[in-house]
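Below you'll find the structure, written out as structure tokens, and then a few comments.
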Amino acid sequence: MPEPEPTSAPTIPAWDHLEKLAVEAAEVAASLLRAQSGGQLQISAKSSRTDLVTDMDVACETAIVEFLTSHRPDDAILGEEGTGRDGTSGVRWIIDPIDGTVNFVYGHVGFGVSVAAEAAGQVVAGAVADPVLDETFSAHRNGGARLNGDPITVRPDSDPTMALVATGFSYQHERRRRQAEVLGELLPQIGDIRRVGGAAVDLCTVACGRVDAFFEVGLNPWDYAAGALIAEEAGAVVQDLNGGPPSRQFVFAAAPSVADAILTLLQSAQADRI
């Protein structure tokens, strides 16, 4: 009886190619959002009355999935709005069609489309498109970060006592009181806080130096997968509160000049205790 032929491992494409696809997919959805601006939305709630989803969230996820599967039909997909499938290629796409849906519903800035590619359990490429500002942030691992194709880096040589720190709040109302307590301890010791409402875009503002740091508790993988990679490739310290990788429990990103000081403040405040 002949020996079975060995099964070869899937070949992962170049990470810069996955970045290019992520950019194109995110911009497909961003174009849909710009075209819809001011139109009538169908809105419903998910985990709480403030956790909104619209028909455009679903339409954008569908458009992203159709684009990606037309180019890479064997990849796995994880989408916020329910798209989930296994793949055989070794690549998984992690999609948030509108990160910051409440901002989108209100016509406020600070929402974006997030598309990340994961290989062997590690995010290796990603893009975040901001339809309002017509900006697309992107990166691939070990390849640096970009804004509309131009290289970006974190803000250099910031003073922790003057740091501008972005954060977000949980949709779970019982968690918000605790998050307010953390801010009460942090705010007197830094420059100021910014609360925009979209973690993916917030992480990119760290990457391009518009804020010095970002932290949030309770994010889902699609909220931070692309943005965390972009921030890291722009030179940010990216981790959880205790030095591990970013996770549902805690996501932190900061310019190196302020990272240790702000982490110490957040650890003292037990910012991941919710």
Side-chain angles (χ1 to χ4, degrees), residues 47 51 78 80 94-96 98-103 110-118 121-128 130 137-139 141 145 154-155 163-172 175-176 178-183 185-186 190 193-256 258-274:
S47 64
D51 183 9
L78 173 66
E80 180 184 13
I94 305 173
I95 301 165
D96 192 341
I98 309 178
D99 182 62
T101 298
V102 173
N103 287 348
F111 64 91
V113 180
S114 177
V115 180
E118 182 185 73
Q122 180 183 51
V123 176
V124 297
V128 175
D130 183 329
F137 298 86
S138 68
R141 190 160 295 281
V154 296
R155 190 175 183 86
L164 191 60
V165 179
T167 191
F169 302 130
S170 173
Y171 288 124
Q172 304 304 316
R175 292 181 174 180
R176 291 185 173 187
R178 172 64 192 143
Q179 289 175 308
E181 292 172 352
V182 171
L183 288 183
E185 295 189 39
L186 180 65
I190 61 171
I193 290 287
R194 290 293 180 269
R195 154 61 166 163
V196 176
V201 172
D202 280 342
L203 284 160
C204 292
T205 62
V206 176
C208 69
R210 292 175 187 163
V211 298
D212 296 294
F214 165 80
F215 73 95
E216 191 165 347
V217 179
L219 293 174
N220 290 299
W222 46 78
D223 297 315
Y224 66 84
L229 175 67
I230 292 165
E232 182 180 353
E233 287 297 321
V237 174
V238 179
Q239 59 173 81
D240 66 7
L241 192 59
N242 300 302
S247 68
R248 290 178 185 267
Q249 184 67 18
F250 203 84
V251 176
F252 173 81
V258 302
D260 287 347
I262 294 176
L263 270 172
T264 297
L265 294 173
L266 292 171
Q267 289 165 349
S268 177
Q270 298 182 295
D272 58 348
R273 181 173 62 82
I274 56 175

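Worth saying up front: this structure is predicted, and the values here are computed from it rather than measured.
- The backbone N or O of F169 sits nowhere less than 3.5 Å from a side-chain atom of R176 that would complete a donor-acceptor pair.
- Among all heavy-atom pairs drawn from S114 and W222, the shortest one is OG-O, 3.7 Å.
- Taken to the nearest 0.5 Å, the CG atom of L219 stands 8.0 Å off from the CG atom of L203.
- The line from CG of D223 to CD of E80 is 6.0 Å long, rounded to the nearest 0.5 Å.
- In this structure, V217 and A271 approach most closely via the heavy-atom pair CG2-O, 3.2 Å.
- In this structure, the side chain of Q249 engages the main chain of D272 through a donor-acceptor pair within 3.5 Å.
- The backbone N or O of L265 sits nowhere less than 3.5 Å from a side-chain atom of E185 that would complete a donor-acceptor pair.
- Looking at N103, its side chain does come within 3.5 Å of a backbone N or O of V196 through a donor-acceptor pair.
- Within the 3.5 Å criterion, the main-chain N or O of D260 finds a donor-acceptor partner in the side chain of T264.
- In terms of heavy atoms, V154 sits closest to A231 at CG1-O, 4.4 Å.
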Subject >> Chi angles and distances behind the side-chain contact (heavy atoms from CB on, under 4.5 Å) call for V211, V165 >> reply: CA-CA 6 Å; V211 298; V165 179; over 6 Å; no
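- The shortest non-hydrogen separation linking R248 to Y224 is N-OH, 3.8 Å.
- In this structure, the separation between OG1 on T167 and CD on Q179 is 6.5 Å, given to the nearest 0.5 Å.
- Of the possible donor and acceptor atoms, none in the side chain of R155 sits under 3.5 Å from a partner among the backbone N and O of V206.
- Looking at F252, F250, F215 one by one, the single match for side-chain contact (heavy atoms from CB on, under 4.5 Å) with D240 turns out to be F250.
- Formation of a donor-acceptor pair under 3.5 Å by the D212 side chain with backbone atoms of L164 is found in this model.
- Residues I230 and G126 come closest through the heavy atom pair CD1-O, 4.2 Å.
- Scanning all heavy atoms of the two residues, the minimum distance from D99 to G198 falls at OD2-C, 3.2 Å.
- Taking CG of L186 as the reference point, atom CD of E181 lies at 13.5 Å (rounded to 0.5 Å).
- Note that the CG atom of L229 and the CZ atom of F137 stand 14.0 Å from one another [nearest 0.5 Å].
- To the nearest 0.5 angstrom, T101 atom OG1 is 7.0 Å from D96 atom CG.
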